[in-house]
Amino acid sequence: MKYSNILIAVSGLDVDDEAILIASDLAKRDRAKLLAVYVIEVERAMPLDAEQSVPIQRAEQILARAQNSAKRAGTTIETDLLQSRAAGPALVDEARERGVDLIIVGVPFRKRLENFYVGATASYLLKNAACRVWLCRQAAPDDKNVRADKK
Amino acid sequence: MYIVIVGGGKVGYYLAKHLLHDGHEVLVIEKDRKKEEALIAELGEISLRGDGTETWAMNKAGLSRADIVIAVTGDDEDNLMISQMAKSKYGVRRAIARINNPKNEHIFRLLGIQQTVSTTEIILAQIEREIPAHSLVHLMTLREAGAAILEARVPEDSPAAGKMLKELNLPDDFVMPLIIREGKGIVPQSSTLLNAGDEVVAVTTLQHEKLLEEILNNSKK
Amino acid sequence: MRVIIVGCGRLGAYLALALDKQNHLVTIIDRNSDSFNRLDPNFRGTMVLGVGIDEDVLRRAGIERADAFIAATNGDNTNAMAAEIARLVFNVPKVIARLYDPIREETFRAFGQIETVCPTVMSANKISEMLGNSA
């Protein structure tokens with residue numbers, strides 16, 4: 001399988017770096033273009049085009065970090081900031097418009113009511129994206145590698 | 001405009017579809033998971049799952065930003081609560097409430113909810129695609145605005161069947177924004193043909209309220 | 001006093017019996033006849049089967065002559081609507097609604113026409129107070 005346009009959905013978690021590392025390897029192998037996308041989810045209490053300085057600042061930091069990660073991995077990455085009511089549909093639309101053939105999304109290891117919970121955005125992507133979707137799940141908190149990392 | 005609809009049943013669904021088509025920002029609050037998922041599948045991410053009479057849902061919906069709140073659940077007490085909360089707590093200027101039991105209409109008026117959608121058992125049954133006793137259904141009368149929203153089925157032998165909308169010579173204050181054909185909503189253009197069995201929704205001033213029935217049943221044109 | 005209670009749940013039934021013992025003329029309305037089993041066999045008041053937000057049911061229960069009206073069903077919205085009908089349509093002098101949701105209670109209290117009781121707030125305050133005393 002060869003990829004030409006890879007979208008990495010970033011959320012500001014450490015796992016973003018891993019997702020970008022994987023994407024960078026693929027990009028080098030296939031000469032694929034990379035695109036990091038962050039979606040600001042706007043609450044219904046505000047109009048969709050509301051300009052909220054705090055979330056925008058945060059989004060820009062997250063995208064800058066994505067660019068740095070890609071640089072360290074020896075590739076370049078384009079970034080895109082979207083604003084939507086829900087991240088899932090915005091990412092699916094963006095992927096369609098840009099002719100993306102692979103979405104990579106990092107998901108945290110989190111539990112809700114004792115069960116692992118993949119999160120609304122990742123599960124929306126899995127259900128609705130037309131292209132391939134890879135999940136990159138963060139290591140579980142009691143994973144030995146994580147402890148080793150911390151030393 | 002930002003319009004919040006509480007209740008994602010048939011009435012809420014068609015209303016949302018129509019208002020979205022008109023370019024409004026629409027949110028439907030529906031507590032039933034299955035109904036809410038159906039709304040998302042049909043209309044996109046325009047819904048919020050929750051009890052629309054609960055304040056957390058109203059806050060999440062951003063009710064204080066809403067221009068209109070339309071309460072169309074199956075329970076009058078819920079619709080009343082929603083309308084009153086919308087007006088008094090969230091400062092929403094216009095609240096429209098569906099009335100399921102016609103006995104409650106004057107109560108709603110006494111309580112300051114001027115705009116009501118009368119859906120008696122009979123009317124509801126007609127919307128549910130039963131054979132209508134009368135061909136004309138009054139979906140909504142916006143008394144203050146002097147306008148009415150009507151629904152009717154095109155009879156088998158209707159002189160309007162097979163005609164284009166523009167051939168019906170409708171006056172300017174009479175529009176047909178929606179045709180329901182085989183369960184699907186169509187937003188017609190002037191060249192759209194009317195079929196027998198179609199359900200049409202018309203918006204008109206009170207002056208031309210009777211016109212729909214004339215066109216569909218005993219058109220002189 | 002002629003008192004109408006809507007909802008023969010735990011609160012409605014308990015209140016009906018208490019008021020009956022104080023020799024008030026009590027009429028209690030519930031849409032489910034089984035609910036009346038909660039009443040003591042010695043209850044001397046009247047039981048009316050029907051929905052508490054239906055004007056005809058309320059008339060049958062004698063609301064036009066009532067001195068007080070208490071809405072105590074399990075539904076906040078039903079209680080609010082029943083209370084508003086009692087106050088604004090039938091002009092019952094004293095109308096009290098039980099509302100579980102503190103925010104709804106606050107909103108309705110602000111209308112000024114109806115008195116409200118919020119068991120959630122009352123219980124929470126009482127419990128905090130009890131915890132405070134034991135600290």
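The analysis underlying the following values was restricted to heavy atoms, covering all of them including side chains, and did not include hydrogens, waters or symmetry mates. Just so we're on the same page: letters track the sequence lines, and every chain starts at 1.
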His21(B) atom NE2: more than 12 heavy-atom contacts under 6.0 Å: no
Residues in residues 48-57 of chain B near chain C [non-hydrogen atoms, under 4.5 Å]: Thr53(B), Glu54(B), Thr55(B)
Neighbours of chain C found in residues 75-86 of chain B - heavy atoms under 4.5 Å: Asp76(B), Glu77(B), Asp78(B), Leu80(B), Met81(B), Gln84(B), Met85(B)
Those residues of residues 13-51 of chain C, ordered by number, that approach chain B below 4.5 Å (heavy atom to heavy atom): none
Partner chain B: residue of Ile53(C), Asp56(C), Asp101(C), Ile103(C) with the largest heavy-atom pair count (under 4.5 Å): Ile103(C)
Interface residues of residues 65-95 of chain C facing chain B - heavy atom cut-off under 4.5 Å: Asp76(C), Asn77(C), Thr78(C), Ala80(C), Met81(C), Glu84(C), Ile85(C), Leu88(C), Val89(C)
Other residues, nucleotides, ligands: >12 heavy atoms within 6.0 Å of Arg59(C) CZ: yes
